Amino acid sequence: MLGRPSHRFSAMAATAALLGALFMFGAPSPAQAVPDTIPLNITNNSGRGEPVYVYNLGTLLTTGQQGWADANGTFHAWPAGGNPPTPAPDASIAGPTAGQSKTIRIPKFSGRIYFSYGQKLDFRLTTGGLVQPAVQNPSDPNRNILFNWSEYTLNDSGLWLNSTQVDMFSAPYAVGVQRADGSTATTGHLKSGGYNAVLNGLRGQAGGWSGLVQTRSDGTVLRALSPGHGVGAGAIPASVMDDYINRVWQKYAGSTLTVTPFADQPNTKYFGRVSGGVMNFTNGSGAVVTTFQKPDADSIFGCHKLLDAPNDLVRGPISRTLCAGFNRSTLLANPNQPDTSSANFYQDGVTNHYARLIHAQMADGKAYAFAFDDVGQHESLVHDGNPQQAYLTLDPLS
């Protein structure tokens, strides 16, 4: 991935998943011509009686303009923003009522499809573009609204559509795509009772993880923040991963961590050893290619800062691998990374329990619980080079 989705409208998980796939598997083969818009069928199986509002916000791939699309898939550029931020135009689309479906059209975008229950979202524009909701901030105007979003890229090579928990775990939904042969691929559904199981698991997890759960004054559980945002907001201790980090640094001061970042290039390997408090990676010739300072929990959960992953062919792929290994706590058990077997994930007592609980409650085991959850293809993503229709299904909060 390019990096975790930000609250500025920049790198989205869908685009990042595409680029991650290019790193791992090579460029896609040419696809059939993809139309300028495709239908998105939205089904409301939430069982909730409030009105639903839908938004399709993103960046137009042909021009790089930021804006929104209406129900017909027509693009509208955002007007100039201000400082302080000014209200954005109302881009909401009336969503389906409980038990009903509605079809809109989505254009060639890299963007997000938001949906909210009972209340419209409050979007603002700065001089730099759209401000995304940042509910880890107590003063964010969307803090007390029940909402969520999916991320997608639609371009000439097809559709990449994912469910995401990189920023928060909230109102559940699934995504899907209908292929040219009529078959449908779906992901993102929770197991029966999975929504409450994740929230209750966080509440019962020792070490401060219960602080991630946000509840409205009327008792409605709104979401669980991702641990990266939780650390930033003081909702979870910043030291929550220290024990594991220290053990990893100690282990690889006396042994070698081997990283093979490209599945289709098994001979491309990098070798990590800790010396002088930093982990140096060398190539097969023994030359140092990149160096990592000992990360903290924020760097691990966000896959950024001390684990920054530039869009290159050396540091970025190594950092992706380290990030996945830290979040899944596989670095001590396996000196050859990435470890792509889900049976080995989250086995240490110090781990990303948020990601552990979400994956355990997914019907297919797949999720985007942290930014590089696509390492080893464990992400909740559907893709097709010739999509006939996309799907967004709003599921029950139970």
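Bear in mind the structure is a predicted one, so any value in this text is a computation, not a measurement. Residue numbers start at 1 and run along the sequence shown. No hydrogens, no waters, no symmetry mates; every other heavy atom, side chains included, goes into these values.
D348 and R247 are joined by a salt bridge, as a carboxylate oxygen and a charged side-chain nitrogen come within less than 4.0 angstrom of each other. Looking at K120 and D122, no side-chain N of the basic residue comes within less than 4.0 Å of a carboxylate O on the acidic one, giving no salt bridge. Looking at D339 and R328, no side-chain N of the basic residue comes within less than 4.0 Å of a carboxylate O on the acidic one, giving no salt bridge. Taking 4.0 Å as the cut-off between side-chain N and carboxylate O, K366 and D364 do not count as a salt-bridged pair.
Two residues are said to be in side-chain contact when any heavy atoms from C-beta on lie closer than 4.5 Å; T153 and L61 meet this criterion. With contacts defined as side-chain heavy-atom distances shorter than 4.5 Å, the pair R112/Q132 qualifies. Residues P335 and S255 have side chains not in contact (no heavy-atom distance under 4.5 Å, counting atoms from C-beta outward). Side-chain atoms of Y53 and S116, non-hydrogen and from C-beta on, do get closer than 4.5 Å to each other. Within the 4.5 Å cutoff, side-chain heavy atoms of Y117 are placed close to those of L394. Using a 4.5 Å heavy-atom threshold, the side chains of L307 and I300 count as touching. Here the side chains of M362 and Q165 are in contact, with some heavy-atom distance below 4.5 Å. Counting heavy atoms from C-beta on, the side chains of T184 and Y391 come closer than 4.5 Å.
There is a side-chain donor-acceptor pair under 3.5 Å between N41 and T103. Counting only N and O atoms by type, the side chains of Y270 and Q337 include no donor and acceptor under 3.5 Å apart. Side-chain contact of S170 with N148: a donor-acceptor pair under 3.5 Å is absent, judged by distance alone. Looking only at atom types and distance, the side chain of T164 has no donor-acceptor partner in the side chain of N162 under 3.5 Å away. If you check the side chains of Q178 and S183, you find no donor sitting under 3.5 Å from an acceptor. A side-chain donor from one of R273 and T256 sits under 3.5 Å from a side-chain acceptor of the other. A donor-acceptor contact closer than 3.5 angstrom links the side chains of T43 and S101. N72 and T74 are not linked by any side-chain donor-acceptor pair at a separation below 3.5 angstrom, with hydrogens and angles left out of the test.
Using a 4.5 Å cut-off between side-chain heavy atoms of Ile, Leu, Val, Met, Phe, Trp and Tyr, with links allowed through other members, W249 and V240 fall into the same hydrophobic cluster. At a threshold of 4.5 Å between side-chain heavy atoms, the hydrophobic network of Ile, Leu, Val, Met, Phe, Trp and Tyr places F271 and L332 in two separate groups. In the hydrophobic cluster analysis, where Ile, Leu, Val, Met, Phe, Trp and Tyr join through side-chain heavy atoms closer than 4.5 angstrom, V278 is grouped apart from V289. A chain of hydrophobic side-chain contacts below 4.5 Å, direct or via other Ile, Leu, Val, Met, Phe, Trp or Tyr residues, connects V198 to L397.
The two residues N327 and C303 make their nearest non-hydrogen contact at ND2-SG, 4.0 Å. The shortest non-hydrogen separation linking M241 to N352 is SD-N, 4.5 Å. Listed here is the closest heavy atom pair of P266 and T260: O-CG2, 3.7 Å. Nearest heavy atom pair, residue A224 against residue Y354, reads O-CE1, 3.9 Å. Of all the heavy atoms in K108 and P35, the pair that sits closest is CE-O, 3.2 Å. Heavy atoms only, all atoms of each residue included: V177 and L159 are closest at CG2-CD2, 3.9 Å.
Panel note: side chain N200, backbone N196; a donor-acceptor pair is recorded below 3.5 Å. Panel note: side chain T258, backbone N336; no donor-acceptor pair is recorded below 3.5 Å. In this structure, Q388 contributes its side chain and N386 its backbone to a donor-acceptor pair below 3.5 Å. Distance alone, capped at 3.5 Å, places no donor-acceptor pair between the S163 side chain and the V175 backbone. Of the possible polar contacts, one joining the Q347 side chain to the F345 backbone as a donor-acceptor pair under 3.5 Å is found. Checked by atom type and distance alone, the side chain of D140 pairs as donor or acceptor with a backbone atom of A134 at under 3.5 Å. Here the side chain of K191 pairs a donor or acceptor atom with the backbone of A360 at under 3.5 angstrom. Side chain of T187 to main chain of S380: no donor-acceptor pair is present (N/O by atom type, distance under 3.5 Å, no hydrogens or angles). A side-chain donor-acceptor contact under 3.5 Å links N137 to the backbone of S139. The backbone N or O of A88 lies less than 3.5 Å from no partner atom in the side chain of W78, so there is not a single donor-acceptor pair.
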Worked verdict on Q136 versus R223 for side-chain hydrogen bond (donor to acceptor under 3.5 Å, both in side chains) = CA-CA 10 Å; Q136 68 274 18; R223 63 190 65 90; over 6 Å; no
Worked check of salt bridge (charged side-chain N to carboxylate O under 4.0 Å, His left out) between D181 and R179 | CA-CA 5 Å; D181 63 5; R179 308 187 190 282; 5.7 Å; no
Derivation of the salt bridge (charged side-chain N to carboxylate O under 4.0 Å, His left out) call for D296 and K305 = CA-CA 9 Å; D296 55 10; K305 295 184 177 177; over 6 Å; no
Could you check S239 against D242 for side-chain hydrogen bond (donor to acceptor under 3.5 Å, both in side chains), going step by step and ending with a plain yes or no?
-> CA-CA 5 Å; S239 61; D242 282 2; 4.7 Å; no
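Not a single side-chain hydrogen bond (donor to acceptor under 3.5 Å, both in side chains) links S285 to another residue, sequence neighbours left out. Residues passing the side-chain hydrogen bond (donor to acceptor under 3.5 Å, both in side chains) test with T97, sequence neighbours excluded: none.
The line from CG of L212 to CG of L357 is 10.0 Å long, rounded to the nearest 0.5 Å. Note that NZ of K269 and CZ of F281 are 13.0 Å apart. Values are rounded to the nearest 0.5 Å. L222 CG to N142 CG: the interatomic distance, rounded to the nearest 0.5 Å, is 11.0 Å. Going from atom NE2 of H378 over to atom OH of Y368 covers 12.0 Å, rounded to the nearest 0.5 Å. To the nearest 0.5 Å, atoms CZ (F301) and OG (S226) are separated by 9.0 Å. Here the OG1 atom belonging to T290 is positioned 11.5 Å from the CG atom belonging to N283, to the nearest 0.5 angstrom.
The aromatic rings of Y152 and F109 are tilted relative to each other, their planes meeting at an angle between 30° and 60°. Ring planes of F147 and W149: parallel class, angle under 30° (limits at 30 and 60°).
Between F115 and Y173, a ring centre-to-centre spacing shorter than 6.0 Å is recorded. Ring to ring, F123 and Y114 are close: their centroids are under 6.0 angstrom apart.
Of the listed residues (W209, Y346, Y244), just one forms a ring pair (Phe, Tyr, Trp, His ring centres under 6.0 Å) with H353, and that residue is W209.
Cation-pi contact between R315 and F292: present, with separation from the ring centre below 6.0 Å and deviation from the ring axis of at most 45°.
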